[in-house]
2 protein chains.
Amino acid sequence: MATDRDSVLEAAVGVLSRRPTAHLDEIARAAGISRATLHRIFPGREALIREVGALSLRKFATALDTAAIDTGDPQAALRRLVDAVVPDAALCAFLAGENQLFDDPEINELWEIQDERVRSLFLRGQQEGVFRIELSAGWLSEAFFDLVAGVGWAVQDGRLAPRDSAYSLAELFLGGALRSPDRS
Amino acid sequence: MATDRDSVLEAAVGVLSRRPTAHLDEIARAAGISRATLHRIFPGREALIREVGALSLRKFATALDTAAIDTGDPQAALRRLVDAVVPDAALCAFLAGENQLFDDPEINELWEIQDERVRSLFLRGQQEGVFRIELSAGWLSEAFFDLVAGVGWAVQDGRLAPRDSAYSLAELFLGGALRSPDRS
DNA sequence: CGCAGATGAGACATCCGTGTCTCATCTGAT
DNA sequence: ATCAGATGAGACACGGATGTCTCATCTGCG
């Protein structure tokens, strides 16, 4: 069943986002199944990793959809995106830590599409005068993703309360660390 | 000679920050030496990783020293820290990606010390009314480190020009992505 | 109850990275 | 030129993770 596959994948994300080199034993145990069954579902480690990456990107794409980032005020759109993506921040943490995924052309293409969508949000925001133009849209996009991944790690390790994560992420990214808007 | 060790370690950082699971062959080739010589310098992979971690933390500590983060205006101090740490951003990228280092108590302690120093800078900045108090000093510290690591990756992969890196990092972190200081 | 399918536990072979070794070659100093 | 030290290339064994297999057990259904 597809449900089984997805639940296993989600358990795998929990382990792999923290330790990309975790053994299959560990992943199987985290998913509540045996290594044999894990092998019955996924042909091998490589296939499992690829599926986890695909799931992560699909969820990220869904978050972009539900946030409707092409609509309305860019700032509000980004806040919606934060709310939509924070619950799956661990997936982004996994994507950030699993650089070997970028060898797969299919995954790479999926990733490129989503990245382009985020970049276009920042570009639109810059054109509408909402986001700063001194920082390139590419850098804004990358930095945003870095912070999402950071939130994923911090929440997983208990350094950041899930309740605060969306607020902390949005406020820091949008407003910065400075209290007064003094940009000398 | 210590010079040899350090040059090998720096080459190792270049490879390991991008791919933490890189083979020793690859690291040796990046350092311009053979795997045999690599083994003559470092007893094994674990020792090499530990030394790279120690070097990274030493350099990070040096950056904190030269930036004199305990002195003067917190904002200026953070800008000095950015300038001091950006040249070694790849080291932070390595530290961020190498979670297994945290098993070593000595490395862990070194890391804790540096993290505490950064956190105290933010705490001081908050007390002096420079940094926002809605965001915890711990989160500011973690997010700052995430962005430094992100800069390291982006520069290594050519997505961010080294010339722009310090500016992009400081401006985004301090001022945020919003053009107008509208914090609704 | 009896059966079919799925699962878990374990054994086993295989692959790959690592650690260690030897030996030929190169370099630099005397 | 000669020798000592260092280096590179390669071979080899070891260990651990992976991939595959078998078999006992469990579950759900007729």
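Here the structure is a predicted model, which means the values were calculated and not measured. First the proteins, then the strands, lettered A, B, ... as listed; each starts at 1. Keep in mind that the numbers below use all heavy atoms, side chains included, and drop hydrogens, waters and symmetry copies.
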Enquirer: Measure from CD on Glu46(A) to P on dC16(C) and round the result to the nearest Å.
Expert: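 My rounded result for the distance is 12 Å.
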Enquirer: Rounded to the Å, how far apart are Arg19(B) CZ and dG17(C) C1'?
Expert: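 It is 14 Å, rounded to the nearest whole Å.
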Enquirer: Please give, in whole Å, the distance from dT18(C) P to Asp25(B) CG?
Expert: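 Rounded to the whole Å, the gap is 7 Å.
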Enquirer: DNA chain D: Arg40(A) or Leu24(A), which has the more 5' nearest nucleotide?
Expert: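 The residue closer to the strand's 5' end, by nearest nucleotide, is Leu24(A).
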Enquirer: Is it true that a side-chain atom of Arg5(A) and a backbone atom of Glu51(A) form a donor plus acceptor pair closer than 3.5 Å?
Expert: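 Absent.
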Enquirer: Under 6.0 Å between ring centres, would you say that holds for Phe145(A) and Trp153(B)?
Expert: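 That pair fails the under 6.0 Å test.
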Enquirer: If I take atom CZ in residue Arg45(A) and atom C1' in nucleotide dC16(C), what distance separates them, rounded to the nearest angstrom?
Expert: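 Distance check: Arg45(A) CZ to dC16(C) C1' gives 13 Å.
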Enquirer: Starting at atom CG of Asp4(A), determine the distance to atom C1' of dG5(C), rounded to an integer number of angstrom.
Expert: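 It is 14 Å, rounded to the nearest whole Å.
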Enquirer: In whole Å, I'd like the distance from the NE2 atom of His23(A) to the P atom of dG16(D).
Expert: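 Rounded to whole Å, this separation is 10 Å.
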Enquirer: I need the minimum non-hydrogen distance between Leu78(A) and Phe173(A), along with the two atoms involved.
Expert: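 Minimum heavy-atom separation between Leu78(A) and Phe173(A): CD2-CD2, 3.7 Å.
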Enquirer: Less than 3.5 Å apart, any donor N or O on the side chain of Gln114(A) or Arg117(A) sitting next to an acceptor on the other?
Expert: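 Yes, a side-chain donor-acceptor pair sits under 3.5 Å.
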Enquirer: Could you identify which residues of residues 26-39 of chain B place a heavy atom less than 4.0 Å from some atom of DNA chain D, listed by residue number, or say none?
Expert: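 Only Gly32(B), Ile33(B), Ser34(B), Arg35(B), Ala36(B), Thr37(B) qualify.
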Enquirer: Any salt bridge linking Asp157(B) with Arg18(B)? Criterion: basic side-chain nitrogen under 4.0 Å from a carboxylate oxygen.
Expert: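 Yes, this pair counts.
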Enquirer: For the side chain of Arg124(A) and the backbone of Ile69(A), is there at least one donor-acceptor N/O pair under 3.5 Å apart?
Expert: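 It does hold such a pair.
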